[in-house]
Amino acid sequence: MTTPYTPFRVINCNIERRPSLSRNFHHLNTSLSSAFKTILRELRQVPMQIDASGTIKNASVKILDAFVDSVFEFADQPLLPSQVTTNFRPIHFRQHSHACTDKRSNFAPVDELKEAVLITEIEGNIPDNFQEGVYIRNGPNPLFGRLKITKSIFGRSSHMWVEGEGMLHALYFTKASDGSWNVVYNNRHVETETFKLEKQRNKPSFLPAAEGDSPAVLSAFLLNSLRFGKVNKEMSNTNIFKHSGKLYSIAETDIPQEIDIFTLKTCNNWDVNGSWKRPFSSHPKRVPDTGELVIMGVDPIKPFFEVGVVSADGKKLIHKVDLKLKRCTLSHEIGVTQRYNVIMDFPLIIDIKRLISGGPLIKYNGEEYARIGIMPRYGDSDSIKWFEVEPSCCFHIFNSFEDDGEVVVWGCRALDSIVPGPDMGVDKFEWFSRRFRPLNSDEKNMNTSTEDGLLFSRCYEWRLNMQTGEVRERNLIGTKFSMDFPIINEHFTGVQNRFGYTQVVDSIASSTSGLAKYGGLAKLYFEEADTRFTLIKRHCEEPIKVEYHMFEANTFCTGSAFVPKHGGVEEDDGWIITFVHNEDSNTSQVYVIDTKKFSCEPVAKITLPCRVPYGFHGAFMPISLPT
């Protein structure tokens, strides 16, 4: 769903000039003395060959490690009511039993399988014209369980709730010569360089640097950078995408990792032959017709926002431009049309100056401006046409396209941001619980001071007139359900489409648990009005037609994807495929739902050999698999 983001480069900051920090450091000298004694003991054991640069470097890291071990204590992340107090083991990858009988929360991590498992339990039938290929979903699977907080003399720092090392869950569909289907499941961690480093150490080593007391976060920036050459871990836990025949895992904290689609083994980092060395969007977009890939990267120090275009063969960065923004906006997704790139500059801001002043690193501020930029494919910052829009938070868009002089953008929009969550000292459960509550009235009549329902996400339309500069915006749906994680038939990316699909938030379950849970799916008919509102319009809006596929009680989905029908003709010829988990039986399955009979029972329910935790984005990759 929504994605983690922390800064990646260290800036110079004079602590003595900032009273808010100098007060925090005033009493540290005495407290640090014992830590430095430990460092001195380590120094006595270090061979002092000043001409051996490698030895000096190793000695420096050893000294810094000793300091971190003495001053910082890793502790459990406080549990929300929906989570069970399970002590998670460090790295002991074991084979799962066939049955999922434990009662841990499905937000808890799982172990890696030792080998892929043939599925033997399928209710219903996989359609004959289903495509051979792989359904893959990414998501956080923390290597060290809940050890996500550090306590120290600098204060406390912690990860955001979306953080955790990435794990891929894959379902392989192959068709035998007799027409029967073989289905195989596998999972595997995305083994980034930082994953391998901590796995080798067999303990958490990177200090969390996203949330917390300002001195603690700033010290984490510095110490992580000095020890490991980067401010934070490479999570790679948000999305997967395919370009020029290769599969990549990505989170926008770093560049993508290439994945062997057959084994899920992590291969190499992908920096487009050394030409892209900054964060990389979790949602790059394929350009209609040309097959080029539009990417972006946001960074907390200038340049704040850059856009790139990668060649169709993936070998060259053929265009790169600094948008020269005046702030670092945490933009999770970029859009494309046939001629333009669509830039979402909304007021979810990463601000190091605010952190140094004692405030949060990441914060949504609805009092600041929001705008959408329409940029020619190979344009520069001066070529962007900006449209001021109503302040809100939009992480995900369905699609964007050109329509008779207008650029149309469809997305999922809320009045607050689910990332990063509340500031330190605020009750996280209460904060999330209130904001996940159902929306019982139209947002135009909401009293935002109550905080209730501010994370209620509605499908929304922006129409941007390229000639006049006029903006028209409206909700496309009512307030029955909150929705997010939009998907479409990817053959229609950048051109006008008729259908979209989302995961439907169970607002009651989400409010009760304090974490987002998706209790169903929705199919949106963008060109059809909901006939219930043709006579009585709500606030001059005529919501579009929506069809629902709701799950049984206490069953929730993640990573939904559209699978085009082999030989299909119409846009909605295909299936929605999704991982689901029943919390009563603690069983994980994959549902296959016919998009032409959307509200009907799934055509197939595939029971998995182990639990699959809730995660983020999924995709289906049609490929020929080895038999």
Side-chain angles (χ1 to χ4, degrees), residues 1-5 160-162 238 282-283 329-333 335 344-349 362-372 389-398 409-423 426 428 430-462 473-487 500-511 513-520 522 524 538-539 541 543-544 546 558 616-617:
M1 166 168 154
T2 56
T3 300
Y5 188 95
M160 283 184 287
W161 66 271
V162 292
T238 306
S282 288
H283 294 279
T329 179
L330 202 172
S331 184
H332 183 63
E333 187 154 16
M344 310 294 282
D345 183 13
F346 283 44
L348 177 59
I349 308 302
I362 307 170
K363 184 176 182 179
Y364 174 77
N365 184 356
E367 300 300 317
E368 290 204 24
Y369 65 86
R371 60 182 184 167
I372 299 176
V389 298
E390 290 292 325
S392 61
C393 189
C394 177
F395 280 107
H396 300 117
I397 62 177
F398 288 90
V409 183
W410 290 328
C412 293
R413 173 186 179 273
L415 296 182
D416 204 340
S417 172
I418 195 171
V419 172
D423 297 342
V426 177
K428 283 182 179 286
E430 174 67 17
W431 191 93
F432 280 111
S433 179
R434 294 192 66 133
R435 283 162 172 76
F436 276 128
R437 289 177 185 173
L439 197 62
N440 295 318
S441 62
D442 191 88
E443 66 185 43
K444 293 181 181 179
N445 297 322
M446 284 181 63
N447 178 5
T448 55
S449 64
T450 67
E451 303 179 357
D452 290 356
L454 290 182
L455 293 178
F456 195 98
S457 179
R458 301 171 71 181
C459 300
Y460 202 76
E461 176 183 81
W462 294 271
E473 46 185 305
R474 62 168 182 152
N475 285 304
L476 293 177
I477 63 170
T479 58
K480 182 177 181 179
F481 289 113
S482 174
M483 302 179 187
D484 205 350
F485 287 84
I487 53 177
Y501 310 87
T502 67
Q503 295 176 181
V504 176
V505 178
D506 185 326
S507 295
I508 300 299
S510 299
S511 180
S513 69
L515 291 167
K517 292 184 176 182
Y518 300 89
L524 286 75
R538 288 186 178 177
H539 303 288
E541 293 180 0
I544 62 172
V546 182
T558 56
F616 299 137
H617 296 282

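Small disclaimer: the values here were computed from a predicted structure and weren't measured.
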Minimum-distance pair of heavy atoms, taken over all atoms of [X] and [Y]:
X      : Y      : answer
Tyr501 : Phe398 : O-CE2, 3.7 Å
Phe481 : Val505 : CD2-O, 4.2 Å
Met160 : Pro420 : SD-CB, 3.2 Å
Ser482 : Ser507 : CB-OG, 4.2 Å
Ile418 : Phe436 : CD1-CZ, 3.6 Å
Val546 : Leu524 : CG2-CG, 4.4 Å

Okay, side chain of [X], backbone of [Y]: is any donor-acceptor separation there less than 3.5 Å?
X      : Y      : result
Thr502 : Val504 : no
Ser510 : Asp506 : yes
Thr558 : Phe616 : no
Ser282 : His332 : no
Glu333 : His283 : no
Arg458 : Ile477 : yes
Glu473 : Val389 : no

From Cys393, Pro391, Cys394, residue fulfilling side chain to side chain contact (heavy atoms under 4.5 Å, CB included) relative to Phe346: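 Testing each of Cys393, Pro391, Cys394 against Phe346, the sole residue satisfying side chain to side chain contact (heavy atoms under 4.5 Å, CB included) is Cys394.
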Look up atom [atom1] in [X] and atom [atom2] in [Y], then write down how far apart they are to the nearest 0.5 Å.
X      : Y      : atom1 : atom2 : result
Gln503 : Ile487 : CD    : CD1   : 7.5 Å
Asp423 : Lys428 : CG    : NZ    : 9.0 Å
Asn475 : Arg413 : CG    : CZ    : 6.5 Å
Glu430 : Arg435 : CD    : CZ    : 9.5 Å
Phe456 : Leu415 : CZ    : CG    : 11.0 Å
Thr329 : Tyr369 : OG1   : OH    : 8.0 Å

Should Phe432 and Pro422 count as side-chain neighbours, where that means a heavy-atom distance under 4.5 Å?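 Side-chain contact under 4.5 Å: yes.
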Does Glu368 have any side chain to side chain contact (heavy atoms under 4.5 Å, CB included) partners at least two apart in sequence or in another chain, and if so, which?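 Glu368: side chain to side chain contact (heavy atoms under 4.5 Å, CB included) contacts with Arg327, Pro347, Ile349, Asn365.
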Could you walk me through whether Asp452 and Arg437 satisfy the salt bridge (Lys or Arg N to Asp or Glu O under 4.0 Å) test, starting with their C-alpha distance in whole Å, then the side-chain angles of each, then the deciding distance to 0.1 Å, before giving a yes or no? CA-CA 6 Å; Asp452 290 356; Arg437 289 177 185 173; 3.3 Å; yes
For Tyr364, which residues count as a ring-ring contact (aromatic ring centres under 6.0 Å, His included) partner, sequence neighbours excluded?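 Tyr364 satisfies ring-ring contact (aromatic ring centres under 6.0 Å, His included) with no other residue.
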